[in-house]
Undergrad: 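Submitted below is the structure of interest, expressed as structure tokens.
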Amino acid sequence: MNIHEYQAKQLFTVYGVPVPKGDIAECAANAAKVAEQLGGDAWVVKAQIHAGARGKAGGVKLARDAREVAEHAAEMLGKRLVTHQTDAFGLPVNCVWVEEASAIKNEFYLSLLLDRESERLLFVASAAGGMDIEAVAAETPEKIVRIPVHPAAGLQAYQGRQIGAALGLGKEQQVQLPAILNGMYELFLSKDCSQIEINPLIETEDGKLLALDGKINFDDNALALHPDIAALRDASQEDPKEAEAKQFDLNYITLGGNIGCMVNGAGLAMATMDMVKLKGGAPANFLDVGGGTNKDKVKEAFKLILSDGTVKAVLVNIFGGIVKCDVIAAGILAAVEDMHLTIPVVVRLEGTNVEQGLAMLKNSGLGLTPAEDLNQAAELAVKLAQEVA
Ligand code: GDP
Ligand code: MN
């Protein structure tokens, strides 16, 4: 689960990671009020969405007086912000964070994440932080250092000095770094995070280190242990289809192509998407209907796939192991008939009672296209989708 920057900054404060003073506002008038309450002579208005790269998309704006704060807030609020980290529709801006502007001397990158390869938490740091960190990673990866933390030993003081050296910190800033690193480490462990990213961590003109931005991801499987974190969920930032799928115990992820995929088993679903790609197509989604699926679930799965207007063909790939193929076939027929499906549906069935299942599809008169194997199924789906398009 993701949270907003302002929520991350509130958590940072609890764990001793310094952030600029600020508050949220849900309308332009309140944004101006926040600026007045904060005092000072410059503020930054920041659109709160579950995506980064807002700076380059007009979602982070400097204001010199309260009227300008209100103007920026009015521009952002109630609209969708598209950044290169969102899809083409962007995400809704329902609130802005207004903070006192910082005079930046240096921008650094600092994050803590779970490195699955070394099975350790890993600090990732770079002196070249800020809005172009992706380019740094691609072009000059040697500018990024990685410091793994041994789970038994915990974060060591010398590792803090290593990170400080990599960032090129002065003495005065080096002294401030351990509190930030320890705060991140403690927050990560106590709230079951999967990533904490501060980009940029800044050094201000008067020598202070501050987390100017904050991004935290949490392990969904641990949310039941952290009701305070679960309460930070903002459904408006999540794909409504993915949320609906969760209700029906379906594993669904939107991908943007035009071939809807309905598969049982996550591994088979991955293989199916690979085959679609191999044949020159693009999957519209990942969908695992689960091992013990039934007629209703198959129908819900079809509904989800078809609610995506870009789908031009559906590829059903089911291995009837726990569920028998004739049961699946009945589910597919019911769904197709109920929903008056007009786009091509390619079905590859394999497993227990496959002959009965295929015969049911063939005799249905619903114009389904059975395939003999996955190779042929993917080929057919890609071809039919192109014809429809
Ligand atoms: P992101 O683009 O979504 O990652 O949003 P950030 O919060 O990281 O802001 C983007 C960029 O805006 C930062 O890298 C800074 O260069 C700039 N910025 C944000 N806040 C301030 C501020 O208080 N003062 C100054 N001078 N620049 C800021
Ligand atoms: Mn940022």
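All values derive from a computational prediction rather than experimental measurement. Below, all heavy atoms of this structure are taken into account, side chains as well, without hydrogens, waters or symmetry copies. Atoms within each ligand, like the ligands themselves, are counted from 1 in listed order.
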Undergrad: Are Leu187 and Ile216 packed together at the side-chain level, in the sense that at least one heavy-atom pair is separated by less than 4.5 angstrom?
TA: yes
Undergrad: Do ligand 1 and Asn199 have nitrogen or oxygen atoms that lie under 3.5 Å from each other?
TA: yes
Undergrad: Of Leu384, Ile305, Leu306, which meets side-chain contact (heavy atoms from CB on, under 4.5 Å) against Ile343?
TA: Leu306
Undergrad: Between Ile133, Asp213, Ile198, Leu62, which one has a non-hydrogen atom sitting closest to atom 4 (O) of ligand 1?
TA: Asp213
Undergrad: Which residue holds the protein heavy atom closest to atom 1 (P) of ligand 1, what is that atom called, and what is the gap in Å?
TA: Arg54 N, 3.6 Å
Undergrad: Looking only at N, O or S atoms in Asp213, which is nearest to the Mn ion (ligand 2)?
TA: OD2
Undergrad: Looking only at heavy atoms, is any part of Pro20 under 4.0 Å from ligand 1, and if so is it the side chain, the backbone, or both, or is it neither?
TA: neither
Undergrad: Within ligand 1, which atoms have a heavy atom of Ala101 less than 4.0 Å away?
TA: 23 (O)
Undergrad: Verify, without hydrogens or angle tests, whether Asn375 (side chain) and Ala378 (backbone) share a donor-acceptor contact under 3.5 angstrom.
TA: no
Undergrad: For Lys215 and Asn2, which I'm curious about, is there any donor-acceptor pair between the side chains at under 3.5 Å?
TA: no
Undergrad: Answer whether the closest heavy-atom distance between the side chains of Ile198 and Met184 falls below 4.5 Å.
TA: yes
Undergrad: Below 4.0 Å from ligand 1: does a non-hydrogen atom of Lys46 turn up there or not?
TA: yes
Undergrad: Please report which non-hydrogen protein atom sits nearest to atom 16 (O) of ligand 1, along with the residue it belongs to and the distance in Å to one decimal place.
TA: Glu107 OE2, 2.6 Å
Undergrad: Got the closest protein heavy atom to atom 10 (C) of ligand 1, with its distance?
TA: Met131 SD, 3.8 Å
Undergrad: What protein heavy atom sits nearest atom 20 (N) of ligand 1, and how far off is it?
TA: Leu212 CD2, 3.4 Å
Undergrad: Which residue, Val316, Val347, Leu366, forms the side-chain contact (heavy atoms from CB on, under 4.5 Å) with Val336?
TA: Leu366
Undergrad: What protein heavy atom is closest to atom 26 (N) of ligand 1, reported as residue, atom name and distance in Å?
TA: Ser102 O, 3.4 Å
Undergrad: Can you list the atoms of ligand 1 that are under 4.0 Å from a heavy atom of Pro200?
TA: 8 (O), 14 (O)
Undergrad: Got the closest protein heavy atom to atom 2 (O) of ligand 1, with its distance?
TA: Gly55 N, 2.8 Å
Undergrad: Looking at Val60, which atoms of ligand 1 are within less than 4.0 Å of one of its heavy atoms?
TA: 5 (O), 9 (O), 12 (O), 19 (C)
Undergrad: Take a 6.0 Å sphere around CZ of Arg80 and say whether it holds more than 12 heavy atoms from other residues, nucleotides or ligands.
TA: yes
Undergrad: Walk me through it: do Arg54 and Asp213 pass the test salt bridge (charged side-chain N to carboxylate O under 4.0 Å, His left out)?
TA: CA-CA 11 Å; Arg54 296 162 302 165; Asp213 192 6; 3.1 Å; yes
Undergrad: Number the atoms of ligand 1 from 1 as they appear, then name those within less than 4.0 Å of a heavy atom of Gly52, with their elements.
TA: 3 (O)
Undergrad: Is the shortest distance from atom 28 (C) of ligand 1 to a protein heavy atom below 4.0 Å?
TA: yes
Undergrad: Might you point out which heavy atoms bring Ser364 and Leu333 nearest each other, and give the distance in Å?
TA: CB-CD2, 3.5 Å
Undergrad: If we count only N and O atoms by modelled type, under 3.5 Å, do the side chains of Glu99 and Tyr6 hold a donor and an acceptor together?
TA: no
Undergrad: Charged N to carboxylate O under 4.0 angstrom, Glu238 versus Arg233?
TA: yes
Undergrad: Hey, which atoms in ligand 1 end up nearer than 4.0 Å to a heavy atom of Ala53?
TA: 1 (P), 2 (O), 3 (O), 4 (O)
